[in-house]
Amino acid sequence: MDKRERKAQVSRRTAETEIRLTLDLDDSASEANAINTGVGFLNHMLTLAAAHGRFRLDVSCVGDTDVDDHHSVEDIGIAFGEAFKACLGNAAGVKRYGQIILPMDEALMIAAVDLSGRGYLGFDVRIPTEKIGSFDSELIKEFFLAFCRKAEITLHFKQLAGENAHHIAESVFKAFGRALAQAFAIDETAGGRIPSTKGVL
């Protein structure tokens, strides 16, 4: 697999949001990612995911945040998922699976990824507050639902411990980045084969 091909750009425009997103799975982000979603907390979380996932993510979004953040968060998840699927292509030569148990102070999070070709999210995460600052906590799940559907991957989160809402959220996005990076990493022993007995993901 030619690593240079694992880059995609997505533009998405609706009556609610206008998004431009660039994803490069093989850029270790030597320069800071340019993430401006219009939602401060999401900027922080995506910056963490990209840094821990060692991929380059640039996002620009103008959305109807005067209504609330829902449309921007969901639509960025959609665009991110579309870009990831485009980067992955037929998934030839990747490791396919990734998993981590990640501590963030008192929070402890499991994340497991399968680049399965089937969009599914298991989200056993208990965030104790409805808001983290001005951000609606429930939108974290909505973001990952949108991402998984468009990326066509299986993603599970299971919270083992945690009391602070911000720490729990950070553990989710950091664990996501780390597990995803394991899954899309090139398996040098695979000989460029698609990692499935079916011959397709």
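Only heavy atoms go into these numbers, but all of them, side chains included; no hydrogens, no water, no symmetry mates.
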Inset, instruction - List, by chain and number, the other hydrophobic cluster members for Leu160, where Ile, Leu, Val, Met, Phe, Trp and Tyr join if side-chain heavy atoms come within less than 4.5 Å, directly or indirectly. - result: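 Reading the cluster by chain and number, Leu160 sits alongside Ile101, Leu108, Ile110.
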Legend entry - Aromatic ring proximity Phe143/Phe173, centre distance under 6.0 Å: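 Yes, ring centres under 6.0 Å apart.
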Inset, instruction - Could you tell me whether the side chain of Asn33 and the main chain of Thr47 form a donor-acceptor pair under 3.5 Å? - result: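 Checking the backbone N and O of Thr47 against the side chain of Asn33, no donor-acceptor pair under 3.5 Å is found.
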Legend entry - Sequence neighbours excluded - side chain to side chain donor-acceptor pair (under 3.5 Å) pairs with any residue from residues 136-151: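 Pairs touching residues 136-151 that pass the test: Lys131-Asp136.
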Could you check whether any side-chain heavy atom of [X] comes within less than 4.5 Å of a side-chain heavy atom of [Y], counting everything from C-beta outward?
| X | Y | result |
| --- | --- | --- |
| Met45 | Ile132 | no |
| Asn36 | Asp58 | no |
| Leu145 | Phe123 | no |

Inset, instruction - With sequence neighbours left out, write down each residue that passes ring pair (Phe, Tyr, Trp, His ring centres under 6.0 Å) with His70, or none if nothing qualifies. - result: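 For His70, no residue satisfies ring pair (Phe, Tyr, Trp, His ring centres under 6.0 Å) once neighbours in sequence are set aside.
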Inset, instruction - Under the ring pair (Phe, Tyr, Trp, His ring centres under 6.0 Å) rule, collect the residues that match up with Phe41, sequence neighbours excluded. - result: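 For Phe41, the residues satisfying ring pair (Phe, Tyr, Trp, His ring centres under 6.0 Å) (neighbours in sequence not counted) are Phe135, His166.
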Side chain to side chain donor-acceptor pair (under 3.5 Å) with [X]: which residues, sequence neighbours excluded?
| X | value |
| --- | --- |
| Lys95 | none |
| Thr154 | Ser116 |
| Asp68 | none |

Inset, instruction - For residues 101-114, pull every pair meeting salt bridge (Lys or Arg N to Asp or Glu O under 4.0 Å), keeping only residues two or more places apart or in separate chains. - result: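 Applying salt bridge (Lys or Arg N to Asp or Glu O under 4.0 Å) to every pair that reaches into residues 101-114, excluding sequence neighbours, yields Arg96-Asp114.
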Legend entry - Where at least one partner belongs to residues 173-187, residue pairs that pass salt bridge (Lys or Arg N to Asp or Glu O under 4.0 Å), sequence neighbours excluded: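 Residue pairs passing salt bridge (Lys or Arg N to Asp or Glu O under 4.0 Å), neighbours aside: Glu170-Lys174.
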Legend entry - ring-ring contact (aromatic ring centres under 6.0 Å, His included) pairs, two or more places apart, involving residues 176-196: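 Checked against ring-ring contact (aromatic ring centres under 6.0 Å, His included) - neighbours excluded - the pairs reaching residues 176-196 are Phe144-Phe176, Phe147-Phe176.
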Inset, instruction - Kindly state each residue pair satisfying ring-ring contact (aromatic ring centres under 6.0 Å, His included) with at least one member in residues 96-115, sequence neighbours excluded. - result: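 Listed once each, the pairs would be none.
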Inset, instruction - Quick one: list whatever passes salt bridge (Lys or Arg N to Asp or Glu O under 4.0 Å) with Asp69, sequence neighbours left out. - result: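 With neighbours one apart ignored, the set is empty.
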